[in-house]
Amino acid sequence: MRNPLSEKIVTIPPSGIRKFFDIVSEMKDAISLGVGEPDFDTPWHIREEGIYSLEKGRTFYTANAGLRDLRVEIHNYQKRKYDVEYDPDREIIVTVGGSEAIDIAMRAMLDPGDQVLVPQPSFVSYVPCAVLAGGEAVPIELEAKDEFRLTPEKLLEKLTPKTKILVMPFPNNPTGAVMRRKDLLEIAKIVEEHDLFVLSDEIYGELTYGEEAHVSIASLPGMRERTVLINGFSKAFAMTGWRLGYACGPEVILKQMLKIHQFAIMCAPTTSQYAAIDALKNSDEDVRNMCESYDQRRRYLLHAFEEMGLDCFEPLGAFYTFPSIKRFGMTSDEFANRLLKEEKVAVVPGTAFGDCGEGYLRISYAYSLKNLKEALGRLERFVKRLEGKSV
Amino acid sequence: MREKILAVIEKNSRIDIRDLAVLLGESETAVANEIADMEKENIICGYHTLINWENTSNEKVVALIEVKVTPQRGMGFDKLAERIYQYSEVNAVYLMSGAYDFTVILEGKTMRQVAQFVSDKLAPLDSVLSTATHFVLKKYKDHGTVLCDQVQDERMLITP
């Protein structure tokens with residue numbers, strides 16, 4: 001028999017998260033700080049709209065780009081929150097999660113040999129999606145000393161004449177890093193000078209802490225026509241299982257993305273789309289409350305790290321911390337595996353998000369205070385043991 | 001800071017001050033002082049425990065009583081309310097808008113005991129015109145907390 005597989009897919013390594021997931025799943029009583037999703041249920045009024053749409057028998061396909069009402073609400077929301085405007089009829093596509101948007105954006109924009117700059121540590125999908133789209137992924141290794149922000153120097157260092165897309169994964173999973181307006185202005189200048197396009201994944205845009213809210217790079221002068229903005233409902237509205245995201249961008253790109261979406265997906269789930277209209281219209285207070293609650297737990301975790309002597313820069317977005325374990329002389333993988341075995345606490349090795357995540361762990365605070373307390377107690381005990389102190 | 005403290009302790013009054021201070025990013029002393037002040041100012045009026053009595057062997061009957069009254073000269077609603085809320089078996093008294101004047105929530109050991117309170121104590125009060133007693137059959141949610149089932153974290157242990 002012939003080899004049934006494509007060489008391209010076989011050479012892509014499976015997600016590092018998956019590998020660790022398999023180990024964790026065998027440990028039944030482990031407590032986890034390893035999830036990448038909110039601990040809240042979807043607010044009831046949103047769920048209610050989904051249920052109502054089912055009761056009404058709204059069980060058919062929608063337009064390929066998504067319900068027009070939803071696209072109009074996305075337009076309103078983006079304008080209200082981030083001061084960017086997209087035409088609901090030509091510049092917005094509703095997708096199956098932000099992940100699909102990443103995939104079809106890469107496929108719509110890349111030709112063989114085109115390079116995609118991927119700041120890392122970052123979400124697991126950018127590199128494989130770029131490769132599957134025929135592009136070449138070039139990691140940019142971000143560092144704790146820059147608070148895991150993308151600096152102009154780091155960007156310039158990796159630029160080549162083949163560079164076409166810059167991925168901007170901020171607020172960042174797994175580091176919790178954010179880019180402020182002044183940081184973005186510097187990046188935008190380089191993007192314009194070198195005629196690049198930006199894939200801005202702003203799925204955590206609602207979840208920033210401190211005085212300044214998230215700024216979309218698309219709102220900066222000259223950036224709108226160069227940016228595909230990706231966002232979704234999973235994180236801000238606690239709707240991961242509904243699988244709903246969207247892409248906004250210039251018509252010339254979105255038109256081609258819609259073609260792929262049309263053939264591969266048809267349309268995003270109808271029930272989710274109806275629920276999402278309500279999410280965008282009526283959730284300001286829910287989002288505020290969830291955000292405040294994450295912020296409290298963020299402080300709690302950082303304080304606990306400080307007490308146990310785990311070095312961690314202050315993350316100002318998403319719901320992750322990214323403490324360094326370099327001083328223990330172990331790899332992230334070893335640390336995470338031993339922590340799991342010895343204390344039954346699951347965290348994700350930083351290397352799951354790129355090689356430069358070595359020496360770090362992703363610890364999520366999307367857990368109840370009770371759960372965090374227990375897990376941090378165990379982590380502290382583990383750290384003390386490594387330091388040779390008795391507890 | 002007050003509102004944030006209240007939002008947390010309304011849901012969890014047993015949280016220790018140290019944790020609360022960390023959550024809010026304030027100093028322990030500042031939080032402790034603020035709480036002490038709010039206690040003095042009668043903003044924080046008590047710290048209660050939410051008990052689902054149905055899960056105990058303790059029998060308890062809860063009734064909600066609608067009370068219509070005529071306030072008398074020199075004795076407004078407040079005075080009347082006081083005559084009702086002084087009874088230790090009375091759990092809550094609210095002045096209402098609408099078809100009746102007071103909601104009285106009463107706890108007793110048996111229905112008979114509750115009925116007796118209404119007929120012996122409440123109804124005979126001079127200003128009370130009428131009462132309507134409703135017994136609570138089941139509490140689903142109380143003080144913002146769903147009582148029936150413990151929620152499990154159904155998320156997978158590790159996700160990207």
Side-chain angles (χ1 to χ4, degrees), chain A residues 15-28 30-39 41 99 123-125 173-174 209-210 234 240-241 289 292-293 295-304 306-307 336 340 345-349 352-353 362 364 366-373, chain B residues 1-38 43-44 47-52 55 138-160:
Chain A
S15 154
I17 288 220
R18 190 70 223 176
K19 197 178 76 189
F20 200 64
F21 175 79
D22 292 339
I23 305 171
V24 174
S25 321
E26 301 198 346
M27 189 93 53
K28 282 195 184 58
I31 50 176
S32 179
L33 299 179
V35 303
E37 59 182 322
D39 60 327
D41 291 335
S99 315
F123 183 55
V124 297
S125 294
N173 170 13
Y209 314 106
S234 296
T240 46
N289 289 340
E292 168 65 23
S293 164
D295 192 17
Q296 293 183 358
R297 291 176 274 170
R298 183 184 68 94
R299 288 193 206 105
Y300 189 81
L301 229 67
L302 290 175
H303 177 82
E306 202 182 312
E307 300 247 292
L340 181 64
V345 176
V347 298
V348 184
F353 307 95
R362 187 190 75 176
S364 161
Y367 290 96
S368 70
L369 189 60
K370 196 174 148 195
N371 195 9
L372 289 179
K373 219 172 184 168
Chain B
M1 171 166 45
R2 284 197 164 187
E3 259 151 51
K4 289 192 172 169
I5 293 176
L6 291 175
V8 174
I9 65 175
E10 189 181 18
K11 294 275 172 219
N12 179 9
S13 63
R14 290 192 67 198
I15 189 167
D16 60 68
I17 301 254
R18 228 180 124 245
D19 290 349
L20 183 57
V22 172
L23 288 178
L24 302 181
E26 303 281 351
S27 79
E28 228 176 296
T29 342
V31 171
N33 288 342
E34 205 63 46
I35 290 179
D37 287 348
M38 287 194 286
I43 294 171
I44 297 173
Y47 300 90
H48 292 260
T49 306
L50 186 58
I51 300 170
N52 186 358
N55 289 346
K138 183 173 180 177
K139 283 189 187 176
Y140 295 98
K141 187 176 181 182
D142 211 355
H143 292 84
T145 304
V146 177
L147 300 177
C148 8
D149 42 17
Q150 288 282 343
V151 228
Q152 296 278 332
D153 190 344
E154 287 176 16
R155 294 175 295 172
M156 295 194 296
L157 287 172
I158 301 275
T159 53

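Note on naming: letters A, B, ... go to the chains in the order of the sequence lines (proteins, then strands), and numbering restarts at 1 for each one.
To the nearest 0.5 angstrom, B/L20 atom CG is 8.0 Å from A/Q296 atom CD. In this structure, the separation between CG on B/D153 and CD1 on A/I31 is 11.0 Å, given to the nearest 0.5 Å. In this structure, CG in B/L23 is found 9.5 Å from CD in A/E292, a value given to the nearest 0.5 Å. Taking CD1 of A/I23 as the start and CG of B/L157 as the end, the distance is 12.5 Å to the nearest 0.5 Å.
Counting heavy-atom pairs closer than 4.5 Å to chain B, the top-ranked of the candidates A/A30, A/S15, A/S32 is A/S32. With chain B as partner, the option from A/M27, A/R298, A/K373, A/R297 having the largest number of non-hydrogen pairs under 4.5 angstrom is A/K373. Considering only heavy-atom pairs separated by less than 4.5 Å from chain B, the leading option among A/F21, A/F20, A/Y367 is A/F21.
Enclosure of atom CZ in B/R18 is not indicated, since only 12 or fewer non-hydrogen atoms of other residues, nucleotides or ligands lie within 6.0 angstrom. Within 6.0 Å of OH in B/Y47 there are more than 12 heavy atoms belonging to other residues, nucleotides or ligands. Atom CD of B/E10 has 12 or fewer neighbouring heavy atoms from other residues, nucleotides or ligands inside a 6.0 Å radius.
Heavy atoms closer than 4.5 Å to chain B are found nowhere in A/N289, neither backbone nor side chain. For A/L369, the part lying under 4.5 angstrom from a heavy atom of chain B is the side chain only. Only the side chain of A/F123 comes within less than 4.5 Å of a heavy atom of chain B; its backbone N, CA, C and O stay farther away. There is no contact between A/R18 and chain B, counting heavy-atom distances below 4.5 Å. With a 4.5 angstrom heavy-atom cutoff, A/E307 touches chain B only via side-chain atoms.
Between A/V348 and B/I158 there is a side-chain heavy-atom pair separated by less than 4.5 Å.
Between the side chain of A/N173 and the backbone N or O of B/P160 there is at least one donor-acceptor pair closer than 3.5 Å. Although no hydrogens or angles enter the test, the distance criterion places no donor-acceptor pair under 3.5 Å between the side chain of A/R299 and the main chain of B/V22. For the pair B/R155 (side chain) and A/P38 (backbone), a donor-acceptor distance under 3.5 Å is present. No donor-acceptor distance shorter than 3.5 angstrom exists from the side chain of B/T159 to the backbone of A/V35, with no hydrogens or angles considered.
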